Amino acid sequence: MSEISYRRIVTDGLWHNNQALVALLGLCPLMAVTNSLVNGLGLGLATTAVLLMSNLSVSTIRHWVRAEVRLPVFVLIIASFVTAVELVMHAWFHELYKILGIFIPLIVTNCTIIGRAEAFASRNPVAASGVDAVSIGLGFTAVLSLLGASRELIGQGTLFSGAHLLFGEVARAWELTLNADYPGVLLAILPPGAFMGLGTLIALKNLIDRYFDRRRAELAPAPATEPEQA
Amino acid sequence: MEFPVASSPHLQGDNDIQRVMGQVLLALLPGVAALWWYFGWGVIINLGLAIFTAVFWEWVVMRLRGRDPRPVIADLSGILTACLLAIALPPTLPWWQTMMGTAFAIVVAKQLFGGLGYNPFNPAMAGYALLLVSFPADMTRWLEPSVVSGHSLGLSEAWNAIFSGVAPAAGGWDALTGATPLDHMRTELSREHLIGEIRQSAVWGDFGGRGWEWVANWFLVGGLFLVWRKVISWRIPASMLVALALIAGIFWVIDPDIHPSPAFHLFSGAAIFGAFFIATDPVTASTTPRGQLIYGALIGVLVFVIRTWGGYPDAVAFSVLLMNMAAPTIDYYTQPRVFGDQEKQDE
Amino acid sequence: MAEQPTPIWDFHGGLHVDDRKAPSKASPIREAVIPKRLQLPLQQHIGRHAEPVVRAGDPVLKGQLIARASDYVSANIHAPTSGMVSEIAELPIAHPSGLPALSIMMEADGKDRWAELPEPIPDYQEADPADLRERLRWAGIVGLGGAVFPTSVKTNVTGKQVDTLIINAAECEPYITCDDRLMQEQPAQVIAGADILRHIVGASRILIGIEDNKPEAITALRETIDTRGQRDIELRIVPTKYPSGGEKQLIYLLTGVEVPSHGLPLDVGMVCQNVATAVAVAEAILQGRPLISRVVTVTGQAVAQPGNLQTLIGTPVAELIEQCGGYLPGIHKLIMGGPMMGFGLHSDSVPVAKGSNCFIAATEAESPDPVKPSPCIRCGECVKVCPAQLLPQQLYWYARARDFDKTQDHHLFDCIECGCCAYVCPAHIPLVHYYRFAKTEIWAMEREREKAEHARRRHEFREARLKRLEAERKAKLRKKKEALAKKPASGKDPKKAAIEAAMQRVAAKKAGQEAADPASENEKN
Amino acid sequence: MSVLLTIVTITLLAAVFGLLLGYASVRFHVEGDPIADQVDALLPQTQCGQCGYAGCRPYAEAIAKGEADINLCAPGGETTMIALADLLGRDPLPLADAEAAAKPKSVARIIETDCIGCTLCLQACPVDAILGAAKQMHTVIEEECTGCELCVPPCPVECIIMVPIKETPETWRWPFPEPSPWIKEAGNG
Amino acid sequence: MSEPAQNPWRTALTAAAVLGFFAILGSALVGLAYQGTAERIAQSEREALLRQLTAILPKDQYDNPLLQDYLDVSAPNELGTEATRVYRARRQGRPVAVILSPVIARGYSGAIDLIVGIRAGGTLAGVRVLSHKETPGLGDRIDVEKSPWILGFTGKSLDNPPLDRWRVKRDGGEFDQFTGATITPRAVVAAVKKSLLWYRKQGLKLFDRPTPKVESRHE
């Protein structure tokens, strides 16, 4: 096996191959739970946890699984981990669990997870798979949180509402309110707001990419190097 | 001798987009006049605000896209969108909501998709839906028609109401505003009152609410003008209204105590206005002849369904937006039989 | 005989456009002067181009065959006047591309001497249709309405039952009046030609479809029919509506029968011929003359004396215009054909061809330049006017997106390019141009696909051949070796070396693959 | 107890499906690759090798296996690349060799006066489009030539030239209508 | 590239073994997680329920184990549902309050689940919305997260305001409606009023009946 560029794995996961913004995977939870920052963050972290565990196990067993049962085995592993995570959340983050509801079991069907298992973990060593899982997961979480934050902000003029669900009672005070008279553009919180928000985020990412592409083209016409901003 | 060349035909009819849009604007006049008569100057201020916002944003977006804004503004489509939206808004809506809705209609619903001709959704209704969903309280607070409240909102009163939220002097908001006839009907029905009792109230006219039904009539005049001028096809308005009347009629026959008459459905809310001016927006509607019939009829049915069982009192905006999504599919499956196509010749 | 009102089946769509026929309609057909030079493109018809049978320097007589049909679907070309072939070269032709094509250039000697012509066949009714068709083929007659399909091919109805011959006298495009004048001045020839054609295709009746804006022609034809006492010829007057002269539209108008979407009138037992073709047929059969001239309308606000001219094929358009008093100031465009379906000429140096029915010298006012199109608002005006009952705006959408499969799903090839959709389009989109673009792209793709298929077959054939040769060579070698091996073996070393080399090669290949593999992996992720 | 029962049930289920899958994978094993055929059908069959493979078929097989990008075919140009992207559900890519793709379609022509009759070009031609024999003048059958240029390098006297195929009124294509190819745009387009 | 013909049954058995093995691992993992969390989950559920009740009736006002002292009643006409649980709060054995969960009101777009606390004397300890489907921005202001309107019930009884004033203001009553939405608050007011009426009918009898036998819920 040749060398693995960890930096590349990390930048891919967080940015270049961001599962939500580039691959457009896992959109169902992405749309459904991001009506507040805390919800987004919660589901993002749960997804990351599952992703990490599944990537690690798939990578560990990658040499022993026959081709014809590869997918069923992956699905089995992922489903087990999701169930475990669901039970844990039910036990320790009860209210958040109630809010995220069906979307926790639905992590099973998040294409990101089976996608990474199939495309990365089943072909790469354990360490690299772990790094990949964390960066992909954090990239996904970042988009969920960002989308949640902007929708919460526009929709009801607050940030970190319900933080105690995730961080315990001390976090109750974290909630920020913009302006008591803010009328709240409800649309942002309702489902259409999710589509518009995601669209805007994707556009923003493309804009940034293009800006840097242009900058790089202007600066260095010589060798095509790797993108440098992480 | 050399000549410039171009593809045939070398003749061009005298129709153009500006003319189409201009005729629709013209056809709006009677309805707008009626609105002004019953609801006062707020209607006019809204129109002004919306047109101003629409032109401003078209200009900005076209500049951002690096194109000449003038022909785009001159084709009147943006102004028409603004007018259609403004007509649908309550006449005392805070100014910033009107501007926000118009900006959304122009920037997001129209220009982000590529401008006129490319928008999958009716921009005016997209703007309306944004406002209704985001500010349902303001969006459902309509003035009582002047024939009911006995008070017509003057220019300065309307101005103050819109720009500083000051209630008109005569009795404040509660005295002047009320539920629209549709809302009223829905509310009373939910209290298990019967239609007969409900219709005792002074707000009711012959078909729908007093005043309201006349607004609808004047829009009908404008709409018929458009059909006569062949600016719009008769198919969509006719099928929509017939479908609405039919389904309302069926329920009404089953139990006239809890289902209002078809006439009530036709002459209340935005049914007439929507049938002639909203559903017929060519860009977002179905274009095949059979498709138009289906498209219109489904809007009519949806209007009834949403009015009767939905979460908001009126339904034209949502029905149209929903059917906008279905229009391409409808078109695909209702392609007319091509001349000489033998497989379909039996039809 | 009092004509019974016969039903007219109105077709979908169509337009009422200002016909602008008055200027050229007024005066009788003039005889155009013989030009000094004539250019005769080898391709004036649908099908394969004709093969020249003369060479530069050859003297030719009027009516002499100078290029021979090279295929079944092809047409002869005759010298329009006497003179000398000056060259065979690529010369400008009337084509939207502006590209030149192989043509015969000849100098007229002004004597206009006829070559020896075949015998007329006055008793055509007794003649074998095949012989008559052979005569039409010799005469190089093609559809003169603009389609230029060889008439001898179109009238070959072997194996089909034809009951009706339709004569297309519905000159529906604005400006054009050549057929109208022809019918007014030579009704006898028209009817005679029609009758000959009827005999050739074996039809039992003739329907002449003519628009009601040509009363003089109607009168003339009716008188002729009455004089001849032919009861099997029916003159049907149709309302003026563009494009009632479209073949399929006219057939529907007259009979209520729809020609199948990918079929021919022959499939419904009909043959349709234009009046000018009928006249050419009459000349070929009754006078034994080939097709060397035709009536051409020259009109438009930018020509001094609009009118109709009996013009020799090959006359340069510039000379034709000259004979009509030349251009007027304000000349902006020169259009060949009608304004709805014709195309703009790059230059007036192109010659009149068999299919050239009209030249319009237009001012900018009467045929304005296309304006910048606005986006399509899907208003559906085009759907209303499309006589083929297509969805023009969908076709436009897909043609624009270069989604050619979808354009064919939406019946692109049923489009007759009549221009109605573009005429009414409020966004001024050059719709017909889009359809032509899509059609020619699809044809080009089809050509390329065929070429690729051909190349594949040749390549596979070659591979197979090489393999066979290789096998034969090896077999030979083996035999040789076997023959050698029978003698005492001494060549162990080279064998070993060869095996070792092979093993090394394999090892190197493996290493190379392994190095390459993960790299491509990363590329993908 | 219930946990144990669950484990047993799931394991049994898994075993049954495993059996099924394993059996199916052998029983329904498909030889060959129909995808390669479909890809091959889209390639222009010039057999030019500009993609780096020995011909159109090998390139098609490489694409089908996922070993090759879809943007390597210069003669097919963008049209072919997009057709491949559609077929395979891959993202369109910019052409690897845009310069080669932009070259006009050409056919080979032998300058007959210079030809020495060495037959080297005959052996290079993948479609047998060159006619000739040793010590005899060769000539290219224009209709058969795919314009692959494979005959150009072997020629020892450099007598083979590539001649762009001339457009004729029959092969002419209507240009894309907008912005109008014939009318200059007024204003800022 | 394909391997030489294999014995299908051999392959199938191997596949089954692999899949089976991972099935054991996976279900074992789930089983372990379940056993590890079951206790904690049950506790969380109880705490959550208790939090709801506590929001209406503070902990220091009663001393019995509220969650274990309940009654299941069915009064569809009065309480809007077939199954309402009545939690009974006592202090030193004497009745303090009942908490009804849920009471269902018919809102603009469907059922509104309420939890209603009534002190032994017949005044309201508090009302909260458990779940609803009302229009966002209009009817959803019955939710305490959106507006304090629902808190206005606390301390009210059938005499305060008098019975005929138990309506929204538009209908000539005591309670605010929201602009643009009358149906929702009207429905809530009516439902609360009905539960008060129901309680008056039942009276302190409610405290006498024994809690039904606890059924095993998890095993």
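Everything quoted here is computed from the prediction, not taken from an experiment. Computation of the quantities below employed the complete heavy-atom set of this structure, encompassing side-chain atoms and omitting hydrogens, waters and symmetry-equivalent molecules. Below, chain A is the first sequence line, B the second, and so on; all start at residue 1.
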Between T146(D) and Q47(D), is any side-chain donor less than 3.5 angstrom from a side-chain acceptor?
-> no

Short side-chain to backbone donor-acceptor contact, T81(E) and I104(E), under 3.5 Å = no

Between T123(E) (side chain) and G121(E) (backbone), is there a donor-acceptor pair under 3.5 Å?
-> no

Side-chain donor-acceptor contact under 3.5 Å, N71(D) with E78(D) = no

Please determine, among L19(E), L25(E), T14(E), the option with the most heavy-atom pairs under 4.5 Å with chain D.
-> L19(E)

Quick one: which residues of residues 47-65 of chain E reach chain D at under 4.5 angstrom, heavy atoms only?
-> none

Could you tell me whether the side chain of Y199(E) and the main chain of A120(E) form a donor-acceptor pair under 3.5 Å?
-> yes

W149(E) vs F153(E) aromatic rings, parallel, tilted or perpendicular, using cut-offs 30° and 60°?
-> perpendicular

